Every structure is written in structure tokens, then in C-alpha cells.
Amino acid sequence: MDWDKLRIFHAVADAGSLTHAGDKLNLSQSAVSRQIRALEESLNATLFHRHARGLILTEQGELLFDATSSMSKRLDAAAARIRDSEEEVFGELRVTTTFGFGTLWLAPRLPKLYEKYPDLKIDLMLEERVLDLPMREADVAIRMKEPSQADLIRKRLMTIRMQLFVSDAYLKAHDAPITPPDLSQHRLICQNTTAAQVGAGASLVVQLMEHNPASLLTVNNYFGVLQGVLHNLGIGVLPDYVAQEVPDLVHVLPEIESSDVPVYLAYPEELRHSQRIAAFRDFVQEEITASRKQLKLQGKI
């Protein structure tokens with residue numbers, strides 16, 4: 001099959017419109033239409049159903065789009081590897097992690113990475129949904145559980161636990177909880193157990209609900225929980241690493257915490273030799289090591 005026609009077909013299938021695909025390819029609508037007709041004739045198959053709101057792939061079109069999508073991802077991966085220099089780190093690196101970890105731990109540290117590699121471009125994708133690394137939805141991921149896909153390189157970075165925190169100002173206005181039943185006198189700020197989150201966090205919230213908190217605020221990510229705590233709304237369920245990032249937080253009821261949550265870094269096998277990924281991986285590991293040293297000096301671990 002003609003590569004140019006396949007490229008045009010992929011753009012049309014992705015856009016769902018001849019006009020939008022033409023704009024992306026810098027081709028006229030008529031030129032795009034001619035290429036699609038020629039491809040359909042060469043395959044002796046109809047690839048699109050045409051209607052007033054755009055184009056819908058036929059069954060044969062879906063099969064071809066799956067193939068061109070896979071080709072596109074593979075070509076992107078090949079291009080990324082070709083662009084990687086043996087001595088320099090530059091270009092785009094698409095990093096995915098959870099909203100909480102990305103905003104509360106990773107983003108505050110990125111200035112150090114940019115200082116070391118000023119030509120690096122980070123596309124930070126904060127998603128509770130697990131992006132498909134082999135299909136190149138992202139280049140590298142930091143996740144709160146071990147990836148299940150076999151064709152990934154993975155490294156366990158650290159272990160975190162969910163704990164209870166309040167603000168200094170909150171403790172000045174309220175009695176500090178001494179025992180778990182004291183939660184009945186306070187507002188609990190946490191993620192809803194039905195929201196996307198680590199299983200250990202959800203289990204801890206279920207456990208806390210048994211103490212009948214006086215009031216409840218649920219937020220769909222840990223950054224929102226932290227904002228509620230910092231605005232003195234109550235006792236928040238947060239990852240333990242947040243205490244190091246936000247000095248005003250006070251750890252309460254230390255006997256209450258979640259089970260261990262492993263944190264993994266993963267990337268596709270085909271990017272094993274990527275200098276950008278190596279730089280990012282080493283940077284994250286160095287930051288974790290530095291954080292642990294600081295906690296040891298403070299006597300917190």
C-alpha cells in the first residue's frame with residue numbers, strides 16, 4: 001500500500017473530517033478526498049461511512065486504522081530514539097503520573113531538572129487513568145502500583161503511606177485528636193472511596209469512617225485535600241511525602257496510617273537507550289535519595 005495514502009487515511013480517521021485532516025496536512029479537501037478514494041479503490045473496500053456530521057470508520061476502516069495507529073506509534077518511538085544524542089539531553093519527554101504526585105512532589109522539583117538540562121521539554125500529563133506506554137501515550141510513567149504490562153522496564157522508587165495531617169492554625173482553634181474516636185469531633189477531608197486513587201488510601205478512608213467524623217469533605221485528588229487542610233477545614237488524609245513539602249502540616253494520630261503503597265517508574269523496552277529517559281530517571285532517583293537523607297537528619301525515619 002502507498003505510504004502517502006496511508007498517512008492521509010490516518011489523519012482523516014483521526015480527525016473524523018476531510019477538512020480538518022486537510023488543514024493538518026496542508027492539503028485541500030479535494031486532494032485529501034482523491035487520495036482516500038484511490039486507497040479505497042486499491043483495497044476494493046469502503047473505509048468510511050459519510051454523513052452530515054463527519055466521517056465514521058467502517059469495519060474495514062477500523063482494521064486499517066488500528067494498523068496505521070500502531071505504525072504511527074512505532075515511528076514516533078523510532079524518531080525519539082534517533083533524536084536522542086549520546087552526549088546531550090534535549091527534545092520532548094512525555095511524563096505521566098497521578099495528579100497528586102505530579103503537583104505535590106514532582107512539579108516543585110522540576111526547576112532542578114531544567115537547570116541541568118535547559119533544552120529538555122517536559123510534557124507533564126497528570127492522569128489518574130493509566131496511560132498505555134507501549135502504545136506511546138506517554139514516554140515514562142510514575143505510578144502507585146507495579147505496572148502489569150510485560151514489555152515495560154520498571155524500577156521501584158520508594159514506598160509511601162497515607163497518614164493524617166492538620167494545619168498549625170487548625171490546632172490553635174481545635175483540640176488535637178489523641179485517639180481515633182476523637183475523629184468524631186472533627187471534619188475529615190479525604191478522597192471519596194469511589195474516586196480513582198490508590199487502594200490503600202481508599203481502605204484507610206473506610207477504616208476512618210467507622211469513627212463517625214463530625215463532618216466530611218471529599219475531593220477527587222490529593223491536591224484538593226491539601227488545600228482543604230491548609231485552609232483549616234479539618235483533618236486530611238494525605239501521602240506522607242507531603243509533610244516534607246509543606247512544613248506547616250502537623251502529623252496527627254500517627255498510629256493511623258495506610259498499608260505500604262509502592263511507587264514505580266516505568267518506560268517502554270524500546271526506549272531503553274533514550275538519553276532523555278535516563279536523565280529523568282536518574283534525576284527522580286537523586287531527589288528521592290536527597291529527601292530520605294533530609295528526613296533521617298530530621299529524625300523522621
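This structure is a prediction, so every number in the text was calculated from the model and none was measured. What you see below is based on every heavy atom in this structure, not just the backbone, and it leaves out hydrogens, waters and symmetry mates.
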Chi angles and distances behind the side-chain contact (heavy atoms from CB on, under 4.5 Å) call for Leu157, Arg281: CA-CA 10 Å; Leu157 296 173; Arg281 179 198 62 215; 5.9 Å; no
Heavy-atom closest pair, residues Asp14 and Phe65: N-CE1, 4.0 Å
Salt bridge (Lys or Arg N to Asp or Glu O under 4.0 Å) evaluation trace for Glu270 with Arg74: CA-CA 9 Å; Glu270 63 195 19; Arg74 295 288 182 180; 2.7 Å; yes
Linked, directly or transitively: Trp105 and Tyr114 (ILVMFWY side chains, under 4.5 Å): yes
Stepwise side-chain contact (heavy atoms from CB on, under 4.5 Å) test for Leu271 and Val140: CA-CA 9 Å; Leu271 294 180; Val140 60; over 6 Å; no
Passing candidate, side chain to side chain contact (heavy atoms under 4.5 Å, CB included) with Phe101, options Leu104, Thr103, Thr97: Thr97
Side-chain heavy atoms of Tyr222 within contact of Val242, under 4.5 Å: no
Derivation of the side-chain contact (heavy atoms from CB on, under 4.5 Å) call for Cys190 and Leu216: CA-CA 8 Å; Cys190 60; Leu216 188 66; 4.0 Å; yes
Lys24 atom NZ, neighbour heavy-atom count above 12 within 6.0 Å: no
Pairwise distance NE2(His49) to CG(Leu55) - rounded to 0.5 angstrom: 11.0 Å
Val250 side chain near Leu171 side chain, heavy-atom distance below 4.5 Å: yes
Joint hydrophobic cluster, Met162 plus Leu217, side-chain heavy atoms closer than 4.5 Å: yes
Taking every non-hydrogen atom, the tightest pair across Ala38 and Lys5: CB-CE, 3.4 Å
Pairwise distance CD(Glu115) to CG(Leu110) - rounded to 0.5 angstrom: 12.5 Å
With Thr96 via side-chain hydrogen bond (donor to acceptor under 3.5 Å, both in side chains) - residues at least two apart: Arg143
Spatial distance of atom CG (Leu93) from atom CG (Asp123) [nearest 0.5 Å]: 9.0 Å
Heavy-atom side-chain contact between Gln149 and Pro134 under 4.5 Å: yes
Main-chain N/O of Glu257 paired with Gln163 side-chain donor or acceptor, under 3.5 Å: no
Geometric class of the Phe48/Phe9 ring pair [parallel <30°, tilted 30-60°, perpendicular >60°]: tilted
Test ring-ring contact (aromatic ring centres under 6.0 Å, His included) applied to Tyr267 - qualifying residues, sequence neighbours left out: none
Non-hydrogen side-chain atoms of Leu208 and Leu183 separated by less than 4.5 Å: yes
All pairs passing salt bridge (charged side-chain N to carboxylate O under 4.0 Å, His left out) where residues 229-256 contributes a residue, at least two apart: Arg109-Glu245
Glu128 vs Thr98, side-chain hydrogen bond (donor to acceptor under 3.5 Å, both in side chains): CA-CA, chis, key distance, verdict: CA-CA 5 Å; Glu128 302 308 319; Thr98 60; 5.0 Å; no
His231, NE2 atom: more than 12 neighbouring heavy atoms under 6.0 Å: no
Heavy-atom closest pair, residues Ala13 and Leu57: CB-CD2, 3.9 Å
All pairs passing side-chain hydrogen bond (donor to acceptor under 3.5 Å, both in side chains) where residues 200-218 contributes a residue, at least two apart: Arg187-Ser215
Cluster companions of Leu152 among Ile, Leu, Val, Met, Phe, Trp, Tyr (side-chain spacing under 4.5 Å): Leu133
Heavy atoms of other groups near His10 NE2, more than 12 under 6.0 Å: yes
Closest non-hydrogen atom pair, Thr46 against Thr58: O-OG1, 2.6 Å
Minimal non-hydrogen separation, Pro213 against Met209, with atom names: CD-O, 4.0 Å
Check: Val246 and Val229 side chains under 4.5 Å, non-hydrogen atoms: no
Donor-acceptor pair, side chain of Lys73 and main chain of Met135, under 3.5 angstrom: yes
Basic-acidic side-chain contact under 4.0 Å: Glu40, Arg50: yes
Leu249: which of Leu230, Asp168, Val166 passes side chain to side chain contact (heavy atoms under 4.5 Å, CB included): Leu230
Atom pair OG (Ser259) and CG (Leu204), whose distance is rounded to the nearest 0.5 Å: 8.5 Å
Closest non-hydrogen atom pair between Gly102 and Pro108, with its separation: O-CD, 4.4 Å
Pair Ser167-Asn232, side-chain hydrogen bond (donor to acceptor under 3.5 Å, both in side chains): steps then yes or no: CA-CA 6 Å; Ser167 66; Asn232 314 315; 2.5 Å; yes
Sequence-distant partners of Asp132, salt bridge (Lys or Arg N to Asp or Glu O under 4.0 Å), two or more places apart: none
Ile142 side chain near Val284 side chain, heavy-atom distance below 4.5 Å: yes
Side chain proximity check, Pro177 to Ile235, heavy atoms < 4.5 angstrom: yes
Euclidean distance, Ile277 CD1 relative to Asp282 CG, rounded to 0.5 Å: 11.5 Å
NZ/NE/NH1/NH2 to OD/OE distance under 4.0 Å, Glu269 and Arg154: no
Val206 with Val237, same ILVMFWY side-chain cluster at under 4.5 Å: no
Worked check of side-chain contact (heavy atoms from CB on, under 4.5 Å) between Gln244 and Ser291: CA-CA 8 Å; Gln244 190 175 8; Ser291 295; 3.6 Å; yes
Ring geometry between Tyr170 and His186 (parallel below 30°, tilted from 30 to 60°, perpendicular above 60°): tilted
ILVMFWY cluster, Val130 and Ile153 together (side-chain gap under 4.5 Å): no
Whether over 12 other heavy atoms sit under 6.0 Å from Asn44 CG: no
Residue pair Ser33 / Arg37, side-chain donor-acceptor N/O under 3.5 Å: yes
CG on Leu64 to CG on Leu39, rounded to 0.5 Å: 6.0 Å
Donor-acceptor pair, side chain of Ser70 and main chain of Asp66, under 3.5 angstrom: no
Side chains of Met125 and Leu131 in contact at under 4.5 Å (non-hydrogen atoms): yes
Single-linkage hydrophobic cluster, 4.5 Å side-chain cutoff, Ile122 and Leu126 together: yes
